[in-house]
K.L.:
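The structure is given below, and queries will be raised subsequently.
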Protein chains: 2
Amino acid sequence: MSMGNSKLYKGSLNTIILKLLDERGKMYGYEITQKVKELTKGELNITEGALYPALHKLEAEGLLDVEIAKVDNRLRKYYKLTEAGEKETVNRLQELEEFIRSMQNLVNPNWSIE
Amino acid sequence: MSMGNSKLYKGSLNTIILKLLDERGKMYGYEITQKVKELTKGELNITEGALYPALHKLEAEGLLDVEIAKVDNRLRKYYKLTEAGEKETVNRLQELEEFIRSMQNLVNPNWSIE
DNA sequence: AATATATACATAATTTTCCTATGCATAAAA
DNA sequence: TTTTATGCATAGGAAAATTATGTATATATT
């Protein structure tokens, strides 16, 4: 995963995937890359080399289910959260928030958590 | 080595080091680990296996200067920012803030940047 | 018609960055 | 006197990205 200009904090990709699936029900890989690009105004680019292995791993861990579809003669693999995936999403979001709080305490710039 | 809870997102350690040195002028390694523990209320533990190589690398990149001291017959290596290090600190903090903003747009939980 | 771009998936090789485990050494506390 | 705290260091390995490929179809451009 690469940023428009800067670096990305590794470990956040899984959280992003889980949260997007939690919000939108089901998505396929390419759709995720485009959605992330759109939501961050091009700031964050999910590379395919990071995304697909991450999806496979989440599936192997039982957090995602797959459903294959063919649209316009092209393959799509739709992913959605399992029950375990929904629970894990809550944990990951909590961890992310804790990380943000910790970074705020360390770096205490002009932003904070509400 | 029992950690608080949350793991260090990869890429954040350098930012933490640079910012602490920027604020405090000069610090030695062990002092950094204790300061981080204190500021995050034990939530984040910087391991020595991560910290010392990171310091060495930042020094090799010309972002840090070292000064060796002996206190109570024990060795200390004080690190401080070079000029290049001060500039890089600004960049890293900006990247961190951009990362936070991006995560907010993606995950939009109940926190935001002020 | 030929070529480039967008859509859609995948993986191998490498790099970065961290953790675990271990080692050395001195000072202070139990 | 044994443990804990202070202080540095590195080897080995895991995790999670990047880079570089590869396959294939659909659409837009030249």
Side-chain angles (χ1 to χ4, degrees), chain A residues 1-18 26-38 44-61 64 66-79 92 95-96 99 102-103, chain B residues 1-18 26-38 44-61 63-64 66-79 92 95-96 99 102:
Chain A
M1 181 152 54
S2 69
M3 218 129 132
N5 271 336
S6 39
K7 292 183 206 162
L8 194 274
Y9 290 86
K10 296 180 183 180
S12 54
L13 178 56
N14 284 334
T15 306
I16 292 171
I17 292 171
L18 292 173
K26 66 176 186 179
M27 299 179 79
Y28 56 100
Y30 186 77
E31 187 185 10
I32 293 176
T33 67
Q34 300 308 300
K35 203 63 190 171
V36 168
K37 205 178 291 180
E38 175 199 328
L44 245 131
N45 258 346
I46 310 284
T47 63
E48 294 160 307
L51 178 67
Y52 291 115
L55 288 172
H56 300 160
K57 197 184 177 199
L58 289 171
E59 186 199 349
E61 289 168 353
L64 300 186
V66 200
E67 185 193 320
I68 297 180
K70 206 161 191 180
V71 178
D72 284 335
N73 214 30
R74 271 199 243 97
L75 192 74
R76 281 185 190 172
K77 291 178 78 173
Y78 280 96
Y79 291 90
R92 300 297 180 99
E95 280 175 16
L96 175 63
F99 169 72
S102 291
M103 290 306 285
Chain B
M1 165 164 311
S2 58
M3 300 269 276
N5 253 340
S6 47
K7 39 182 179 171
L8 206 53
Y9 277 54
K10 293 186 182 181
S12 56
L13 178 55
N14 285 334
T15 307
I16 292 171
I17 293 171
L18 292 173
K26 68 176 184 179
M27 299 179 79
Y28 56 99
Y30 185 77
E31 187 185 9
I32 293 176
T33 67
Q34 299 309 300
K35 204 62 191 172
V36 168
K37 205 179 290 181
E38 177 199 328
L44 273 181
N45 259 343
I46 308 288
T47 63
E48 294 161 306
L51 178 68
Y52 291 114
L55 287 172
H56 300 161
K57 198 184 176 199
L58 288 171
E59 187 199 349
E61 288 168 352
L63 302 181
L64 300 187
V66 199
E67 184 192 322
I68 298 180
K70 206 163 192 179
V71 178
D72 285 335
N73 214 29
R74 270 200 243 93
L75 192 73
R76 279 185 191 171
K77 292 178 77 173
Y78 280 96
Y79 290 90
R92 298 296 180 102
E95 284 172 5
L96 175 62
F99 170 73
S102 290

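Protein chains get the first letters and strands the later ones, always in sequence-line order, with residue 1 at the start of each.
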K.L.:
Side chain of A/Lys57 only, heavy atoms from C-beta on: which candidate in C/dA10, D/dC8, D/dA16 is closest?
P.N.:
D/dA16

K.L.:
Nearest-nucleotide wise, let me know which of B/Tyr30 and B/Lys77 is further upstream toward the 5' end of DNA chain D.
P.N.:
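This one resolves to B/Tyr30.
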
K.L.:
Classify A/Gly29 by what it touches in the nucleic acid, base, sugar-phosphate, or nothing, heavy-atom distance under 4.0 Å.
P.N.:
sugar-phosphate

K.L.:
Whole angstrom is fine here: how far is it from CD in B/Glu48 over to P in C/dT20?
P.N.:
12 Å

K.L.:
Send over the distance from A/Ile32 CD1 to C/dT7 P, rounded to a whole Å.
P.N.:
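About 15 Å, once rounded to whole Å.
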
K.L.:
Would you say B/His56 places a side-chain N or O within less than 4.0 Å of OP1 or OP2 belonging to D/dC8?
P.N.:
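No, outside the criterion.
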
K.L.:
At 4.0 Å (heavy atoms only), tell me whether B/Ser12 reaches a base, stays on the sugar-phosphate, or touches nothing.
P.N.:
sugar-phosphate

K.L.:
Can you tell me if B/Tyr28 touches the phosphate of D/dC8, counting only side-chain N or O atoms and a distance under 4.0 Å to OP1 or OP2?
P.N.:
no

K.L.:
Determine whether A/Val66 and A/Leu55 make a side-chain contact, defined as any pair of heavy atoms from C-beta on separated by less than 4.5 Å.
P.N.:
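The answer is no, as the side chains (C-beta and beyond) never meet within the 4.5 Å cut-off.
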
K.L.:
Round to the nearest Å and state the distance from B/Ile16 atom CD1 to C/dT17 atom P.
P.N.:
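Atom-to-atom, B/Ile16 to C/dT17, this comes out as 13 Å.
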
K.L.:
Do B/Ile17 and B/Ile46 have side chains that get closer than 4.5 Å, going by heavy atoms?
P.N.:
no

K.L.:
Separation of B/Glu38 atom CD from D/dA5 atom C1', in whole Å?
P.N.:
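To the nearest whole Å, that distance equals 16 Å.
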
K.L.:
Could you check whether any side-chain heavy atom of B/Lys37 comes within less than 4.5 Å of a side-chain heavy atom of B/Leu44, counting everything from C-beta outward?
P.N.:
no

K.L.:
Output one letter per nucleotide in nucleotides 25-30 of chain C: B when a protein non-hydrogen atom lies under 4.0 Å from the base, S when only the sugar-phosphate is that close, - when neither is.
P.N.:
-BS---

K.L.:
Between P on C/dA10 and CD1 on A/Ile46, what's the gap in Å once rounded to a whole number?
P.N.:
16 Å

K.L.:
With heavy-atom distances below 4.5 Å as the criterion, would you say the side chains of B/Asn14 and B/Arg92 are in contact?
P.N.:
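Yes, at least one pair of side-chain atoms sits under 4.5 Å.
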
K.L.:
Using whole Å, what does the distance between atom C1' of nucleotide C/dC9 and atom CG of A/Leu64 come to?
P.N.:
16 Å

K.L.:
Would you please name every residue forming a side chain to side chain donor-acceptor pair (under 3.5 Å) with B/Arg76, sequence neighbours left out?
P.N.:
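For B/Arg76, the residues satisfying side chain to side chain donor-acceptor pair (under 3.5 Å) (neighbours in sequence not counted) are B/Tyr28, B/Tyr78.
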
K.L.:
Out of C/dC19, D/dT10, C/dA10, which nucleotide sits closest to the side chain of B/Tyr52?
P.N.:
D/dT10

K.L.:
Separation of B/Leu51 atom CG from C/dA21 atom P, in whole Å?
P.N.:
19 Å

K.L.:
Which whole-number value in Å describes the distance from A/Leu55 CG to C/dT11 P?
P.N.:
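So the two atoms are 12 Å apart, to the nearest Å.
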
K.L.:
Can you tell me which nucleotide in D/dT10, C/dT20, C/dC18 comes closest to the side chain of B/Pro53?
P.N.:
D/dT10

K.L.:
Can you check whether any acceptor in the base of D/dA15 is under 3.5 Å from a donor in the side chain of B/Lys10, or vice versa?
P.N.:
yes

K.L.:
Which nucleotide in the set C/dT11, D/dG7, D/dA9 lies at the smallest distance from any side-chain heavy atom of B/Arg76?
P.N.:
D/dG7

K.L.:
Kindly indicate whether the side chain of A/Met27, heavy atoms from C-beta on, has any atom under 4.5 Å from the side chain of A/Lys35.
P.N.:
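They are in contact (side-chain heavy atoms under 4.5 Å apart), so the answer is yes.
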
K.L.:
Under the side chain to side chain contact (heavy atoms under 4.5 Å, CB included) rule, what do A/Thr33 and A/Asn45 come out as? Steps first, then yes or no, please.
P.N.:
CA-CA 7 Å; A/Thr33 67; A/Asn45 258 346; over 6 Å; no

K.L.:
Any idea how B/Tyr9 and A/Phe99 line up, ring-wise: parallel (<30°), tilted (30 to 60°), or perpendicular (>60°)?
P.N.:
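Judged by the thresholds at 30° and 60°, the geometry between B/Tyr9 and A/Phe99 is parallel.
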
